[in-house]
Novice: 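Just dropping this structure here.
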Amino acid sequence: MTSQKPSHLFYQSRSRRPQLDRADGVYMWDTSGKRYLDGSSGAMVSNIGHSNQNVLQAMRAQMEKSTFGYRLHFETDPSERLAEKTASLTPAGLDRVFFVSGGSEAVESAIKLARQYAIAVGQATRWKVISRTPSYHGCTLGALALTGYTTLTEPFAPMMRTMPKIPAPRAYLDGLDLNNPATGHYYADMLEAKILAEGEDSVLAFIVEPVGGASTGALVPPDDYMPRIREICDRYGVLLIHDEVMSGGGRTGRFFAAEHWNTTPDIIAISKGFGAGYAPLGAMIAHDRVVDAVLDAGGFAHGFTYAGNPLACSAGLAVINEIETNGMVENAATIGDLLKSRLEDLMTKYEFIGDVRGKGLLLAFELVSDRETMTPLAVALNAYNRLVDIAYDNGLIIYSRRSRDGLEGDHFLVCPPMITNEQHVDEIVDMLDKSLKQFSAEIVKQ
Ligand SMILES: Cc1ncc(COP(=O)(O)O)c(C=O)c1O
């Protein structure tokens, strides 16, 4: 599977993957003709599947007109229409949209807008953004300072302004009952304690992935968590930022994951499923009150050259149109339930699957050496890479991370596109079963 020929590209390691030839729907083919089922939608991006002809047609039509118009020189029809459409999908009051080209840019934009808002309303002492461990908010230094994932943050720690963190609500590790309201309050109240410890006048915002992404492995908070977080933010005048870079766009069975708990943030960051792999696209969506204060005070001192370009926006519009006309959010909810129950079935077969979690088609399972104590597998087994490689050879793409702040533990995201049907679920589970069996034989040998 790996080629010896060196590449000029360097991403994470020297090992190589096959060359992509084409992709269609939930499948991808390499240049040798081998077919893969894209069981993670890339990095939870290709939400509507590959090569959607309506999106390609919309992009082609836009390309014939213009691919770029600098946002300070021209307004464009696709960016205006996408902003209006996006605002129509958010809770009341979140009507202002700032386009970017990816998730890190969306998060950077959110914290910079929050800071400028604080200055505009005479609260310049507020600058700390509290986040959670583990979490992933992006790779640029501002977003990385919010990220709680030791292996990614440690090398850059001296270059960043350290931001306060609270633990993510990992009830499954702490042995707490997810369905007991006290559990949600227990974790949410850690935010209040942190605000008080830091000094309430210094805290600008709290950023949270309503349903966790790669760092936590699709962590779903207890039901009372998000509403309580909102209450605490209100009590201390702290802005609430929802990082829906991965969870936004329908994957959890609602367009925004926070809709599961009806909580309204002040700012939302969205990206991956927004452009769905057709164009680099993301957005920060903010409350009118926040934006108006910043504009009245002289404007938002921030922006990216490619932001709001008409080609990416035409793709984004067509993606939302496909999601809506084909009922993909509803499909993510029902097929997600089916896939989740099939993953849970695998737990009865494989003792080392310690947890299955997630909502809709944002799903994950975690491997452990002991389900009772949730002790992780030995780090040296390198399970998070090994199982991905075995599945890859079997024609299934899944996505993995170390579960415990990047240091140990192994979880795997199973997040196929929102067009997944029952037959695809069978294929995914068959290939996963085969891969787990091979993996299990390997670890018994060691
Ligand atoms: C929750 C979350 N926020 C931010 C980001 C950063 O997005 P990007 O890689 O597009 O910069 C990611 C990417 O995985 C993410 O999952």
Side-chain angles (χ1 to χ4, degrees), residues 11-12 40-47 98-114 129-149 151-153 156 160 163 165 168-169 205-221 226 240-252 256-258 265 267-285 304 306-307 312 315-316 319 358-364 384 397-403 405-406 411-415:
Y11 293 112
Q12 249 163 2
S40 62
S41 308
M44 286 59 80
V45 172
S46 302
N47 282 7
F98 190 92
F99 288 121
V100 293
S101 304
S104 304
E105 289 186 7
V107 170
E108 292 284 342
S109 305
I111 57 176
K112 287 178 75 177
L113 183 74
V129 181
I130 301 176
S131 58
R132 308 191 307 186
T133 300
S135 64
Y136 185 68
H137 296 293
C139 64
T140 50
L141 289 175
L144 195 64
L146 311 174
T147 290
Y149 203 80
T151 46
L152 293 175
T153 53
F156 309 102
M160 297 187 293
M163 292 288 180
K165 308 274 185 305
F206 176 58
I207 185 164
V208 57
E209 299 161 73
V211 173
S215 63
T216 55
L219 185 75
V220 179
M226 292 297 292
L240 177 57
I241 303 171
H242 284 179
D243 182 345
E244 297 240 19
V245 166
M246 188 181 291
S247 58
R251 173 160 289 287
T252 70
F256 289 105
I267 304 177
I268 303 173
I270 184 171
S271 178
K272 293 173 182 263
F274 197 47
Y278 290 86
L281 180 65
M284 167 188 54
I285 310 150
F304 298 97
Y306 276 101
V319 165
K359 262 195 191 298
L361 283 170
L362 183 45
L363 297 174
Y384 81 114
I397 300 173
I398 52 175
Y399 191 99
S400 69
R401 279 283 181 272
R402 287 281 193 209
S403 319
D405 311 344
H411 62 237
F412 301 82
L413 288 119
V414 187
C415 302

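Reckoned from all heavy atoms, side chains included, excluding hydrogens, waters and symmetry mates. All ligand and atom numbering here is 1-based and tracks the order in the structure.
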Novice: Using side-chain heavy atoms (C-beta onward) and a distance below 4.5 Å, is Ile285 in contact with Phe256?
Specialist: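 Yes, their side chains come closer than 4.5 Å.
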Novice: Can you sort out the partners of Ala214 under side chain to side chain contact (heavy atoms under 4.5 Å, CB included), two or more places apart, ordered by chain and number?
Specialist: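 Expected list: Met246, Tyr399, Arg401, Leu413.
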Novice: Can you tell me which residue pairs pass the side-chain hydrogen bond (donor to acceptor under 3.5 Å, both in side chains) test with a partner in residues 99-108, sequence neighbours excluded?
Specialist: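 Found Glu108-Thr140.
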Novice: Does Tyr149 use its side chain to pair, donor to acceptor, with the backbone of Arg402 at less than 3.5 Å?
Specialist: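 Judged by distance alone, yes, a pair lies under 3.5 Å.
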Novice: Take atom CZ of Phe304 as the centre, draw a 6.0 Å sphere, and report whether it contains more than 12 heavy atoms from other residues, nucleotides or ligands.
Specialist: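 For Phe304, atom CZ is crowded (more than 12 foreign heavy atoms under 6.0 Å).
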Novice: Can you name the residues that form a salt bridge (charged side-chain N to carboxylate O under 4.0 Å, His left out) with Arg132, not counting sequence neighbours?
Specialist: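 Listed in chain order: nothing, the list is empty.
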Novice: Identify the protein atoms, limited to N or O, that lie within less than 3.5 Å of an N or O atom of ligand 1, and list each pair with its distance to 0.1 Å.
Specialist:
{"from": "ligand 1", "atom 1": "3 (N)", "to": "Tyr136", "atom 2": "O", "distance (Å)": "3.4"}
{"from": "ligand 1", "atom 1": "3 (N)", "to": "Asp243", "atom 2": "OD1", "distance (Å)": "3.2"}
{"from": "ligand 1", "atom 1": "3 (N)", "to": "Asp243", "atom 2": "OD2", "distance (Å)": "2.7"}
{"from": "ligand 1", "atom 1": "7 (O)", "to": "Ser104", "atom 2": "N", "distance (Å)": "3.4"}
{"from": "ligand 1", "atom 1": "10 (O)", "to": "Gly103", "atom 2": "N", "distance (Å)": "2.8"}
{"from": "ligand 1", "atom 1": "11 (O)", "to": "Ser104", "atom 2": "N", "distance (Å)": "2.7"}
{"from": "ligand 1", "atom 1": "11 (O)", "to": "Ser104", "atom 2": "OG", "distance (Å)": "2.5"}
{"from": "ligand 1", "atom 1": "14 (O)", "to": "Lys272", "atom 2": "NZ", "distance (Å)": "2.9"}

